[in-house]
Chemist: 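Pasting a structure below so you can have a look.
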2 protein chains.
Amino acid sequence: MVTMHDVARHAGVSVSTVSYVLTGARPISPATRKRVLAAMAELDYQPNAMARGLASRRSRILGLLMPMDDRGTGATETAFVTGAAEAAARAAHHLLLSPIPAGDVDALRRLASQRILDGALVMEVQMEDPRVEVLRELGVPFVLIGRTRDTTGVPFVDIDFDHTVRGAVEHLLDLGHRSIVFVNHSQEALASGYAPALRTQESFTTVMAEHGLEPLVVTAEDTAAAGRAALRTALVQCPGLSAVLAMNEHALFGVLGELALQGLKVPDDVSVVSMVTSAQVADLATPALTTMTSPGSTLGRLAVEVLLRTLEGSGGPSHQELVTCSLEVRGSSGHLRRTPERTPGGVASR
Amino acid sequence: MVTMHDVARHAGVSVSTVSYVLTGARPISPATRKRVLAAMAELDYQPNAMARGLASRRSRILGLLMPMDDRGTGATETAFVTGAAEAAARAAHHLLLSPIPAGDVDALRRLASQRILDGALVMEVQMEDPRVEVLRELGVPFVLIGRTRDTTGVPFVDIDFDHTVRGAVEHLLDLGHRSIVFVNHSQEALASGYAPALRTQESFTTVMAEHGLEPLVVTAEDTAAAGRAALRTALVQCPGLSAVLAMNEHALFGVLGELALQGLKVPDDVSVVSMVTSAQVADLATPALTTMTSPGSTLGRLAVEVLLRTLEGSGGPSHQELVTCSLEVRGSSGHLRRTPERTPGGVASR
DNA sequence: ACGCTTCGTCGAAGCGTTTCGATGATTCCT
DNA sequence: AGGAATCATCGAAACGCTTCGACGAAGCGT
């Protein structure tokens, strides 16, 4: 392994000079700098990350705290990771992937105490997330992807769920729909404090109320079967249903299947809008889904940039930013045509 | 930060003794060990990863070389990562996620030279993958997830594509199908050496030939639109088509949409089997897809275990293992009913 | 020409571990 | 009983880098 010593000898300078060329911590004359750089190139020198990390107390590694329950596994999350990875790479940092569950405080404490992370990106943030306290206590800078209920002094980037719901609902209202059902994640997800589900549901209720409409909500596990059941429930509660607003991609595909089985055409009989969904997933359905498109990779990039800026040591106020989902109208939403007649009591599949 | 020194002082022993308790490199008497462990617990000591890494030349970090092109982003890959992360965590190792493209030899060389990785898991392996040579040259142990054309001396775990194709084809043959079209990834993917596409296609050709059948193959970009077009092409080339075998999930959903538009029912008119597909994705379709289910998380776990075993320093022969996809029959495949009549020249959507 | 800054560089002391050789204290064999 | 072998522990030298104080050589004003 070629070390700084070798470079120094080869360039006829001291090790510290080589170090300064690399870090820029002190000015070095152009002549020496050039010689040092030449020596590095010639010897194909790469700094040893561990040594640098030990001496500088900066590992250049960012932790990606990504609990891997079944939910957090969609195309949106993947795009997020991609964006984060690219931003990190651009800044010569690395991303360390940790699947620690949001509730496993001990594991997080262990990880953070190893001083292997310069900072952390916290995914799958819950309304009351114990990780915030742990990281703060251990002095590990962090940025939430998502946000807790109380966000005072906590840096985060998140999706503007209120804006997203409004955009989706207003799109449907513009098309003439009045009977809209909101298909959310499961009761358990809500109970466990899964923030996107809670926030969107609250916004939905508010927005519908603002328009003097009844906010119909059904919940479903993240499976197609649950989606089917959810739609049947919705049709019972509101037979005149003309639009579905979804915050649960997996269930939504079940909804679509069930709609087809019941002889309801999309978008002629029922319009469908999926929120926080990627174009890739939207395309899987026929017709392609109208979505509030998730800003996946943007969010990831942003999170890394905010975190790195924090590490630079600005003692400024913690950065908080909401990024919006944009409406992309595809084939699944259209003008209200008529109150569909249908045979009551849908037929089960197969 | 509490260091080994603190622990040593607190326990009344030398630092080296503390180290030996931790690493087990030398025997320590039960009495001292107990005192040391007590001191650690009391002080809430966590070893500094950087210092340990520098001194031991073992970072306990495994690189996950995961090129993030559009393709490698499905549920199968996610499951893989999940499995790997869990296996690594169990062995007290970390996973460092690097999105370096397969072709970017320089970036890989830079990463590997930093000595930040104990070993690497190589994803998205191509038939001729330059990364193998780089890693070997730089002395970084690795395991391929996938495999190159020439696998002599290269440790890998991969899916048994031949078995997968056989399983799928035989399932369809058993149901009476004879006109089967294989929907593969794009021409470019094939040309660039994307191994799963090449291997499955070859197996398909072979297996069909073994049964005296014509192997019809169409290629498609990984989009629904391309899938639609692919199906239309297939119907022109083989109007009597009764089954679709897919190696391209995204295109497959286009295929399903186009089938519906053409008035062809699944599985009554056309049976569909998707290969290397997760149950999650299978469920998105209605009816749910019959699949050769990808062993995602198993593969990830296995890869990490193999790599760790390699790091333990067994000079044995390089571990090579193929793991099979298992047939899961869902609603999309059924007995051949009849040669479907149809209006020639499908109607484009919308 | 004098001291005073400023500039560029050097040497050495860490950073928190691991690991190697050495050192007493025991135990064992004859 | 005496020397060899074994055992548990210690001290110190790495590991490859960063960073701090120091120092000679220029450049400055007066």
Chemist: When the distance from CG of L43(A) to P of dG16(D) is rounded to whole Å, what number comes out?
Modeler: 15 Å
Chemist: Are the side chains of V323(B) and L299(B) in contact, using a 4.5 Å heavy-atom criterion?
Modeler: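 Counting from C-beta outward, L299(B) and V323(B) do come under 4.5 Å.
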Chemist: Can you work out whether G12(A) or M50(B) has the more 5'-proximal nearest nucleotide on DNA chain C?
Modeler: G12(A)
Chemist: What is the distance from CZ of R58(B) to P of dG16(C), rounded to the nearest Å?
Modeler: 23 Å
Chemist: Do D129(B) and T148(B) pair up side chain to side chain, a donor and an acceptor below 3.5 Å, judged on atom types alone?
Modeler: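 Note: D129(B) and T148(B) side chains miss the donor-acceptor criterion.
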Chemist: OG of S113(A) to CG of L138(A): how many Å apart, nearest 0.5 Å?
Modeler: 4.5 Å
Chemist: In whole angstroms, how far is the C1' atom of dT17(C) from the CD atom of Q114(A)?
Modeler: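 Q114(A) atom CD is separated from dT17(C) atom C1' by 13 Å.
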Chemist: Given dC10(C), is OP1 or OP2 found less than 4.0 Å from the side-chain N or O atoms of T17(A)?
Modeler: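 It does, given that an N or O in the side chain of T17(A) lies less than 4.0 Å from OP1 or OP2 of dC10(C).
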Chemist: dT18(D) C1' sits how many Å from R57(A) CZ, rounded?
Modeler: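 The answer, rounded to whole Å, is 8 Å.
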Chemist: Measure CZ/R115(B) against P/dT17(C) and give the value in whole Å, please.
Modeler: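 Spelled out: CZ on R115(B) to P on dT17(C) is 23 Å.
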Chemist: Without decimals, in angstroms, what is the distance between R35(A) CZ and dG8(C) P?
Modeler: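 Answer to the nearest Å: 14 Å.
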Chemist: Quick one: label R26(B) by what it contacts on the DNA or RNA (base, sugar-phosphate, nothing), any heavy atom closer than 4.0 Å.
Modeler: base
Chemist: Report the stems of DNA chain D as range-with-range entries sorted by first number; a stem here is at least three consecutive pairs, Watson-Crick or G-U wobble, both distances under 3.5 Å, and write none if there are none.
Modeler: C:1-30 with D:1-30
Chemist: Closest-nucleotide mapping onto DNA chain C: is V2(B) or P30(A) further toward the 5' terminus? I mean the 5' end.
Modeler: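 Result of the comparison: P30(A).
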Chemist: Determine whether a donor-acceptor pair (one donor, one acceptor, N or O, separation below 3.5 Å) exists between the side chain of S16(B) and the base of dG11(D).
Modeler: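 Side chain to base: pair present.
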Chemist: Can you identify which nucleotide, out of dC10(D), dC15(D), dT17(C), has its nearest atom closest to the L54(B) side chain?
Modeler: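 Shortest atom-to-atom distance from the side chain points to dC15(D).
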Chemist: Can you find a side chain N or O atom of S56(A) that sits less than 4.0 Å from OP1 or OP2 on dT18(D)?
Modeler: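 It does not, given that no N or O in the side chain of S56(A) lies less than 4.0 Å from OP1 or OP2 of dT18(D).
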Chemist: Go through the steps for R115(B) and M50(A) under the test side chain to side chain contact (heavy atoms under 4.5 Å, CB included), then give the verdict.
Modeler: CA-CA 7 Å; R115(B) 310 273 97 183; M50(A) 292 290 132; over 6 Å; no
Chemist: Pick from M123(A), E124(A), E77(A): which one makes a side chain to side chain contact (heavy atoms under 4.5 Å, CB included) with I145(A)?
Modeler: M123(A)
Chemist: Counting just side-chain N and O atoms, does T3(A) come under 4.0 Å of either OP1 or OP2 of dG16(D)?
Modeler: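 For dG16(D), neither OP1 nor OP2 has a side-chain N or O of T3(A) closer than 4.0 Å.
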Chemist: Side chain of M1(B) only, heavy atoms from C-beta on: which candidate in dC17(D), dT18(C), dG16(C) is closest?
Modeler: dG16(C)
Chemist: Does E86(B) pair with R90(B) as a salt bridge, N-O distance under 4.0 Å?
Modeler: no
Chemist: When you get a sec, tell me which of dG16(C), dT18(C), dG8(C) is the closest nucleotide to the side chain of S29(A)?
Modeler: dG8(C)
Chemist: Between R33(B) and A51(B), who's closer to the 5' end of DNA chain D by nearest nucleotide?
Modeler: R33(B)
Chemist: Look at the side chain of I28(B) and decide which nucleotide, out of dT9(D), dG16(D), dG16(C), has an atom nearest to it.
Modeler: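 From the listed options, dT9(D) comes nearest.
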Chemist: In whole Å, what is the span from the NE2 atom of H5(A) to the P atom of dT18(D)?
Modeler: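 To the nearest whole Å, that distance equals 13 Å.
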Chemist: Determine whether the side chains of S14(A) and T17(A) contain a donor N or O and an acceptor N or O closer than 3.5 Å.
Modeler: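 On atom types as modelled, these side chains qualify, holding a pair under 3.5 Å.
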Chemist: Side chain of R52(A) only, heavy atoms from C-beta on: which candidate in dC10(D), dC17(D), dC10(C) is closest?
Modeler: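 Nucleotide nearest to R52(A)'s side chain: dC17(D).
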Chemist: Determine: side-chain N/O of S14(A) to OP1/OP2 of dG11(C), distance under 4.0 Å, yes or no.
Modeler: no
Chemist: Heavy atoms from C-beta onward define the side chain here; which of dC10(D), dT19(D), dT17(C) lies closest to that of Y45(B)?
Modeler: dT17(C)
Chemist: What distance do L108(A) atom CG and E133(A) atom CD have between them, rounded to the nearest 0.5 Å?
Modeler: 11.5 Å
Chemist: Round to the nearest Å and state the distance from N48(A) atom CG to dT18(C) atom P.
Modeler: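 Going from N48(A) (CG) to dT18(C) (P), I get 16 Å.
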Chemist: Give a yes or no on whether a donor-acceptor pair under 3.5 Å exists between the nucleobase atoms of dC20(C), that is its base, and the side chain of Y20(B).
Modeler: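 Present.
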Chemist: Side chains of P141(A) and D118(A), heavy atoms from C-beta outward: is any pair under 4.5 Å?
Modeler: no
